[in-house]
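Input: a single structure, listed below in C-alpha cells.
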Amino acid sequence: MAFENQYVQQRIEKAEALRALGIDPYANHSERNTTVEKFHNVNSDLFKKEDQRDEHRHYTVAGRIKLYRLMGKASFVKIEDESGMLQIYVARDNLPENFYNDVFKKLIEVGDIIEVSGYPFVTQHGELSLHADSLKILTKAISPLPEKFHGIQDKEMRYRQRYLDLIMNSEVRKTFHIRSKVISLTRRFFEDKGFLEVETPMMHPIAGGANAKPFVTHHNALGIDRFLRIAPELYLKRLIVGGFEAVFEINRNFRNEGMDATHNPEFTSIEFYWAYKTYKDLITITKEYFEYLFDHLDLPKRLPYGELEVDFDQFSEIELIQSLSVIGGVPESIVNDKEAILAFLKSNNLEAKATMNLGQLQGELFDEFVEAKLINPTFITHYPVEISPLARRNDERPELTDRFELFIAGREIANAFSELNDPVDQLQRFEGQMAAKDSGDDEAHEMDEDFVTALSYGMAPTAGQGIGIDRLVMMLTNQHSIRDVLLFPAMKPTHNQTNHGEEE
RNA sequence: GUCCCGUUAGCUCAGCUGGUAGAGCAUUUCACUUUUAAUGAAGGGGUCGAUGGUUCGAAUCCAUCACGGGACACCA
C-alpha cells in the first residue's frame, strides 16, 4: 500500500497543514445533536413563514461533504449522513477570523467529514439549509471520491470497494437496509410463531443436508478435516428428535461450486422445522410470512422485477404433474409415459438421457416448459419421489412426495416438505447415495450414521422448509445479481493481493 | 467449464482503416456573499490491464495471461 498518487499526496499535505494550525484532522468526538433527516423534519415549517429563517434555532449536524460550491466570500456545501443530504451555507463573516480563508477554503474539500453548527433557513431557490456559524473537520479523507455526477460505474470497483459504492449510491444503501429488515422481520415472524432460534455447527465432520461440494478446512488440535456446512438440515432435525418442536436458524451455507448471478460461495438461508405439521401447514405459514414481510417493509404488493411484474397478492398452488400440461403446454397424454416424454423432449431439440427415470424426466419437463412461466408466487407441489430423496412419500400416491417448491419470477425461492422420519428408509436412501458416489457422482449425499441413529430414537412427524434469503431480497429489491444483495460478494483476488493458498 | 464483451488521468468516458494521448468532473492558481452537476480564466496530471509478437512506428493489429461483466450448462 502506498499513497504516492498526486491527489493523495496533496490531501496528506492538507492534513499536515491542519495539524500545524492546531487542528486535529482526525477528531476524537463530535458534538452532533441531530441528524439530517430530523433537521429537515423539524424545520419544514419555515417554508410557510414569511421570514424563512429562524436564528433562534440552533443545530449541530455532521456528515461527509458530497458537493462543494465556492463563490468568493461565501460557499455552499452539501453534507450527507446516513439519513440524508443537507445543504450548508458557509459565509466568511459568520465564522471566526481567518477560518474561512485559511482553513475552509484551503484545507477542507469533498470527501472530508465535517461537523457544522448554525441556524435553519430557506434559500432563494427554496432549499432548506443550515446557515453555519461554526465548522469543524472531523475526518480528513486523503483519497478523493469518484466523480460527483456519474459516481462509480465500474462494477468491479463497486464490489471490491463496497464502501465507495455505499458513499456514492443511495440506492445501494437502500437495498441493504431492506436486506437487513428482511432478516430482522424473518426472525421476529418465526419467534412470534413460537419458533426457537438455534445455532448449529458451521464446521461439520460430514457435509450433509444437501447435494453439493463442500469447502474443507483443518482442525489442528484434533488432526482432522472439517467441512464448512452446506446445509443445517440434519442438525436441526436432531433437535426435533431431542424434543424441540419448532426451531429455525438463519445463517450462512457454503458451497464449493461455481459463481454467477445467482450463486455465491457463501449464501444465507433460513431453515425451519416444525413438529406435528405437514407441508400443507408450511404453505399456509409461507403465505403468512409474505404478508408479514410486505406489511412491515412498506412495499407495494405489485413489484417490478426487470421486465416482469410480480403480484404478491396472487399466490397459487398446482401439482407438478398438472403444471406440465396446464402451464407448460405439454400434451397431457404423455406426462406419465416415460417413452413419450423422451420422444417429446427430442422433438423439441432437448437433451434427454434414456437412462433417466420417469420422475427425472418429469422434472426435466418442468424445468424446460414451466419454471420460467411462474411469475406470480406459485407453490408447485407433489414432486416425484425420484427427485426428492429427503421428502416423505404421499400416503395415497407413493410415487409422489409431500413436498413443494415456491417459485417467483421464474426462480425457486423455497423448498419444503414433510420430512422423512423412517430411520430404516433413511438408511437405505443414504446407502443409495453411497452407491451413486461410488459410481462417480461427487455430489451424492454423504452417509451420516449418527443422523440415522438420531432418527432411530423417533422424530415426530415434522415439516421443514428452507428459504434463500439472498434470492428473496433480490425479488424484493428488483436486483438481478446476487452480488448486488451481498455487501461483500466473493471476488477473485487481484494481482497485488497476496494469496496464501496453495500454488497451482 | 464454453462463448461474447470490456480494461485509456483520481472518477466518467472519447480516441476511425497503425503516425506517438483527449474531453468533462476532480485537483492547483486567480475572480466571485444565495448556489443547485454553480460560473469565468489559466495550469498540472497518463508504464493506454500485463507479457510477448508483427511493424520504421502499436492505446489501435495478432497471441497468451489476469481481472471484471453478460449468456449457456450444473448447483440454492
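Residue numbers start from 1 in every chain, and the chains themselves are labelled A, B, ... in the order their sequence lines are given, proteins ahead of strands. Small disclaimer: the values here were computed from a predicted structure and weren't measured.
Across the strands present, rC25(B) finds its partner in rG10(B); the criterion is a Watson-Crick or G-U wobble pair with both atom distances under 3.5 angstrom. Across the strands present, rA71(B) finds its partner in rU2(B); the criterion is a Watson-Crick or G-U wobble pair with both atom distances under 3.5 angstrom. Of the nucleotides present, rG49(B) is the one that pairs with rC65(B) by Watson-Crick or G-U wobble criteria, both distances under 3.5 Å.
Across all strands, Met168(A) comes closer than 4.0 Å to no nucleic acid atom at all (heavy-atom distances).
Taking the P atom of each, rG70(B) and rU55(B) are spaced 40 Å apart, rounded to whole Å. Straight-line distance between the C1' atoms of rC75(B) and rA66(B): roughly 27 Å, to the nearest whole Å.
Contact annotation: His125(A) side-chain N/O to rU35(B) OP1/OP2 distance is under 4.0 Å. At the phosphate of rU35(B), OP1 or OP2 sits under 4.0 Å from a side-chain N or O atom of Gln124(A). The phosphate of rG70(B) (OP1 or OP2) has a side-chain N or O of Arg483(A) nearer than 4.0 angstrom. Residue Arg160(A) has a polar side-chain atom (N or O) positioned under 4.0 Å from OP1 or OP2 of rG68(B).
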Is there a salt bridge (Lys or Arg N to Asp or Glu O under 4.0 Å) between Asp165(A) and Arg162(A) once you walk through the steps?
CA-CA 5 Å; Asp165(A) 194 23; Arg162(A) 179 68 88 181; 2.7 Å; yes
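Mapping His131(A) and Asp154(A) onto RNA chain B by nearest heavy atom places Asp154(A) closer to the 5' end of the strand. Nearest-nucleotide positions on RNA chain B place Ile152(A) closer to the 5' end than the other of Ser129(A) and Ile152(A).
When each of Phe39(A), Tyr89(A), Tyr119(A) is checked for a side chain to side chain contact (heavy atoms under 4.5 Å, CB included) with Leu130(A), only Phe39(A) meets the rule.
Scanning for ring-ring contact (aromatic ring centres under 6.0 Å, His included) contacts around Tyr159(A) gives an empty result, with sequence neighbours left out.
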Taking protein heavy atoms under 4.0 Å as touching, what does nucleotides 23-30 of chain B look like 5' to 3' if B marks base contact, S marks sugar-phosphate-only contact and - marks none?
-BBBSS--
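For residues 53-65 of chain A, proximity to RNA chain B is found at Arg53(A), defined as any non-hydrogen atom under 4.0 angstrom from a strand atom.
No salt bridge links Arg411(A) with Glu405(A); every basic N to acidic carboxylate O contact stays at or beyond 4.0 Å.
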